[in-house]
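These notes are about the structure you will find just below.
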Amino acid sequence: MEKKITLYNTLTQKSEELVPREKNKIKMYVCGPTVYDSAHLGHARAAVTFDVIERFLSHVGFEVTYVRNFTDIDDKIINRANETGIPAHEISEKYIEEYREDMASIGVKRPTVEPKVTEHVPEIIDLIERIIGNGYAYQSGDDVFFAVKKFKGYGKLSKRDPDDMLAGTRIDINEKKEDPLDFALWKGAKPGEPFWESPWGRGRPGWHIECSTMSMKYLGPSFDIHGGGKDLIFPHHENEIAQSEAATGKEFARYWVHNGLIQINREKMSKSVGNILNVRDAVTMWNREAIRLFFLSHQYLNPADFSDTTMGESEAALERLYITLKRAKDQRKNKNADDSELAGAAASFGRKWVETMCDDFNTADAIGNLFELTRAVNRSIDSRGWSPALEAALKEIGHFGKTLGILEYEPEEYLQTIKLQKKSAGITEDEIEELIKERNSARSDKNWKRADEIREELSSRGILLEDKSEGTIWRVKG
RNA sequence: GGCGGCGUAGCCAAGUGGUAAGGCAGCGGUCUGCAAAACCGCAAUGCCCCGGUUCGAAUCCGGGCGCCGCCUCCA
């Protein structure tokens, strides 16, 4: 392992070389969902982003410990419980289950550890006591607050000056706080709310403290990468830093990595706009690999605008890759002398995609390299069929695909079976084969009229035919 | 008001000092019974605008214009 990896660090606002605290090991914590509702595309993009970062770091030889939490007790869950009459823990369990299914449905691997807040309350209480002991937090009634102004580094992540932060904001004035900027580490329970016993009475953890507790429990007081969506920079991550460093006196996370947000048809995706797209709905409309390819065709730092048009383009791009993969596999019998040009292109792609990924996980750039190799592959197939170089190119494409979590189907499976379920007008593979047989006998009789009728009929039902020298093949259009 | 970011062909999108990747759509050609796929070629003389630095800028600096995110729960 001697790859030099650079990544953009929100904390320093610069690209920096990734230097792990422990040689060859990366410890990474990513904020997971608060489980009170179904996962949406924003969760999906964050999960895919860090999934690919994890896969790539592993690919180049790091041993990655990846922690992603579930926030399973929180005001939003309690509100949902009050609205529905369903106990809070049942709500959170339900959406944890859903989240796992949804992420699996878009090929996101499970992290090393997925801790839940409710299983770490004793550790949370310990951490709060340390913060109080160090003079950075105070009890007020049955709540505990973090004293923001006492922590000199407050604002260093989000580049805010605490002294300026009150002007024009909507910070709620709570007379239990010594300063309006202070935030809750522990919240006393109101009647009927879930609670745990604590030195300050019955209550529950505030938002933020759980991530400090669980990241430090599994990764140590100082670790390498802390990630999440850009929307978490303030206040969540700012507060995590303050709490954690107030407790330990040590640097918390070294590299702060934030993925850009999703827009839907050029609008912010939000509950108030009413345009939230859930993962479970999205996967009924588009193939999961097309969704991943869509995300990964954007540099993770930038926003990504999701729409029928942009998704259609991703599906078309994915299709081009699979068509090429299928062409390549169909050449197996057609062995020929090696193709030095393709051999060079394959080797150069192998180097380039890794280099490109080393430069801040630039999947979009690397995908560009992939399409250049795709052209070289097709050119070689046209001129000489199968060759050792083709084999090498496919192998390299496989490595890259595996890192991105795409191109994992058999080409026929993708082009036929999978798309048939989604796109075609109720036709079976057997019916298609039957019509192809009939058409081919018409073709051998030079009955072009009948042959074209059959092509037309299949076309109107979403099936596209291609007459190859080896025979007629088909795939689902669109 | 404060902080951060973005503006590259019809659309999507890389590229952050060395002379514009890639995908989709389009046009011309080869191939084909016709198609499709594939390949070849064409397509931004220029990267929002105006100045500046430099041998050289989409890339750096200054000033505009436009758009967006965060500052409240949020991936």
Side-chain angles (χ1 to χ4, degrees), chain A residues 10 13 15 30-34 36-37 39-50 68 74-76 79 155 158-161 164-172 207 227-236 238 258-263 266-272 276 293-294 297-299 301-305 307 309-321 323-324 326-327 352 356 359 362-372 374-383 443 446-449 451-452 455-456 459 464-469 472-475 477:
Chain A
T10 307
Q13 299 179 283
S15 268
V30 174
C31 290
T34 298
Y36 71 106
D37 208 344
H40 58 240
L41 285 175
H43 297 108
R45 163 119 103 151
V48 168
T49 297
F50 291 99
R68 187 186 58 209
D74 172 89
D75 290 356
K76 289 196 292 294
N79 290 342
S158 57
K159 318 301 170 196
R160 282 157 220 266
D161 180 346
D164 296 341
M165 278 182 53
L166 281 181
T169 65
R170 286 160 281 182
I171 291 172
D172 77 298
W207 186 43
K230 272 186 153 70
D231 53 344
L232 293 180
I233 294 171
F234 189 89
H236 186 54
E238 192 69 62
H258 292 101
N259 64 273
L261 306 184
I262 292 287
Q263 297 183 307
R266 299 182 183 237
E267 265 186 309
K268 174 189 173 174
M269 184 173 79
S270 74
K271 300 244 173 191
S272 52
I276 298 281
L293 187 63
F294 168 78
S297 295
H298 299 71
Q299 221 285 352
L301 291 160
N302 295 333
D305 180 39
S307 68
T309 309
T310 56
M311 278 311 300
E313 289 176 358
S314 286
E315 288 197 315
L318 185 63
E319 178 133 336
R320 172 166 162 79
L321 296 173
I323 288 171
T324 300
K326 170 151 176 56
R327 295 187 78 213
K352 252 197 320 206
T356 302
D359 181 11
N362 197 336
T363 52
D365 198 1
I367 288 167
N369 297 151
L370 173 65
F371 280 102
E372 290 176 72
T374 296
R375 184 176 304 115
V377 163
N378 279 313
R379 206 185 291 132
S380 179
I381 291 171
D382 285 347
S383 67
R443 288 173 74 216
K446 298 217 186 303
N447 182 355
W448 306 126
K449 182 167 175 283
D452 287 346
R455 181 196 286 293
E456 218 10 78
S459 174
L464 191 142
L465 299 183
E466 293 182 35
D467 297 322
K468 303 281 198 184
S469 54
T472 300
I473 62 170
W474 63 274
R475 66 186 151 88
K477 292 196 291 188

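Just so you know, these numbers come straight off a predicted model, no measurement behind them. First the proteins, then the strands, lettered A, B, ... as listed; each starts at 1.
For the P atoms, the distance from B:G5 to B:C61 is 11 Å, rounded to whole Å. B:C60 and B:U53 have their C1' atoms separated by 8 Å, given to the nearest Å. B:G26 and B:G17: their C1' atoms are spaced 34 Å apart (whole Å). The P atoms of B:U59 and B:A20 are separated by 14 Å, rounded to the nearest whole Å. Taking atom P on both B:C47 and B:G10, the two are 13 Å apart, rounded to the nearest angstrom. Remark: the separation of the C1' atoms in B:A21 and B:C12 is 14 Å, to the nearest Å. Nucleotides B:U19 and B:G56 place their C1' atoms 8 Å apart, quoted to the nearest Å. A distance of about 36 Å separates the C1' atoms of B:G63 and B:A75, rounded to the whole Å.
A salt bridge links A:Arg455 with A:Asp467: the distance from a Lys NZ or Arg NE/NH1/NH2 to an Asp or Glu carboxylate oxygen falls below 4.0 Å.
In a base pair of the Watson-Crick type (N1 to N3 plus N6-O4 or O6-N4) or a G-U wobble (N1-O2 and O6-N3), with each distance short of 3.5 Å, B:C34 is matched with no nucleotide. The nucleotide B:G41 finds its pairing partner in B:C27, both defining distances of the Watson-Crick or G-U wobble pair being shorter than 3.5 Å. Judged by Watson-Crick or G-U wobble contacts below 3.5 Å, the nucleotide B:G51 has B:C61 as its partner. The partner of B:C6 is B:G66, judged by Watson-Crick or G-U wobble contacts that both fall below 3.5 Å. For B:G1, the paired nucleotide is B:C71, the pair qualifying as Watson-Crick or G-U wobble because both relevant distances are below 3.5 Å.
Here A:Ile473 lies out of heavy-atom contact (under 4.0 Å) with every strand. Using a 4.0 Å heavy-atom cutoff across all strands shown, A:Gly368 reaches at least one base atom of the nucleic acid. At a threshold of 4.0 angstrom between heavy atoms, the contacts of A:His40 include nucleobase atoms, whether or not backbone atoms are also involved. As judged by a 4.0 angstrom heavy-atom cut-off over every strand, A:Ala364 is placed among the base-contacting residues. Within the nucleic acid shown, A:Asn362 comes within 4.0 Å of sugar-phosphate atoms alone, with no base atom in reach, counting heavy atoms only. Residue contacts shown for A:Lys230 are absent, as no nucleic acid heavy atom lies under 4.0 Å away.
Here the nucleotide nearest the side chain of A:Met269, chosen from B:C70, B:G4, B:A75, is B:A75. For A:His298, the side-chain atoms get nearest to B:C12 when compared with the rest of B:C12, B:U16, B:A75. Residue A:Arg266 places its side chain closer to B:C12 than to any other of B:A13, B:G4, B:C12.
One atom, CD of A:Gln299, and another, C1' of B:U16, lie 12 Å apart when rounded to the nearest Å. When rounded to the nearest whole Å, the span between CG of A:Asp365 and C1' of B:A13 equals 10 Å. Per the geometry, CG belonging to A:Leu232 stands 13 Å off C1' belonging to B:G69, to the nearest Å. To the nearest angstrom, P of B:A25 lies 13 Å from CD of A:Glu315. Whole-Å rounding puts the A:Phe371 CZ to B:A13 C1' distance at 12 Å.
Place A:Ile233 and A:Ser158 on RNA chain B by their nearest nucleotides, and A:Ser158 ends up nearer the 5' end. Where A:Asp305 and A:Ile367 each meet RNA chain B at their nearest nucleotide, the meeting point lying more 5' is that of A:Asp305.
With hydrogens and angles ignored, no donor-acceptor pair under 3.5 angstrom links the side chain of A:Glu372 to the base of B:G22.
In this structure the side chain of A:Arg327 never reaches within 4.5 angstrom of the side chain of A:Val377, judged on heavy atoms. The closest side-chain heavy-atom distance from A:Leu464 to A:Glu466 is below 4.5 Å. The closest side-chain heavy-atom distance from A:Arg475 to A:Lys326 is not below 4.5 Å.
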Contact string for nucleotides 29-38 of chain B, one letter per nucleotide 5' to 3', B = base within protein heavy-atom range under 4.0 Å, S = sugar-phosphate only, - = neither, reads ----BBBBSS

Next on the checklist: Please evaluate residues A:Lys352 and A:Asp365 with respect to the criterion salt bridge (charged side-chain N to carboxylate O under 4.0 Å, His left out), reporting the C-alpha separation (whole Å), side-chain torsions for both, the decisive distance (0.1 Å), and the verdict.
Outcome noted: CA-CA 10 Å; A:Lys352 252 197 320 206; A:Asp365 198 1; over 6 Å; no

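Panel note: side chain A:Thr49, backbone A:Arg45; a donor-acceptor pair is recorded below 3.5 Å. Put simply, the side chain of A:Gln263 never gets that close to the backbone of A:Ala304: no donor and acceptor are under 3.5 Å apart.
Both cation-pi conditions hold for A:Arg160 and A:Phe234: the charged atom is under 6.0 angstrom from the six-membered ring centre and inside a 45 degree cone around its axis.
One finds no side-chain N or O of A:Asn302 lying less than 4.0 angstrom from the OP1 or OP2 phosphate oxygen of B:C68.
Between A:Leu232 and A:Cys31, the shortest heavy-atom contact is CD1-CB, 3.6 Å.
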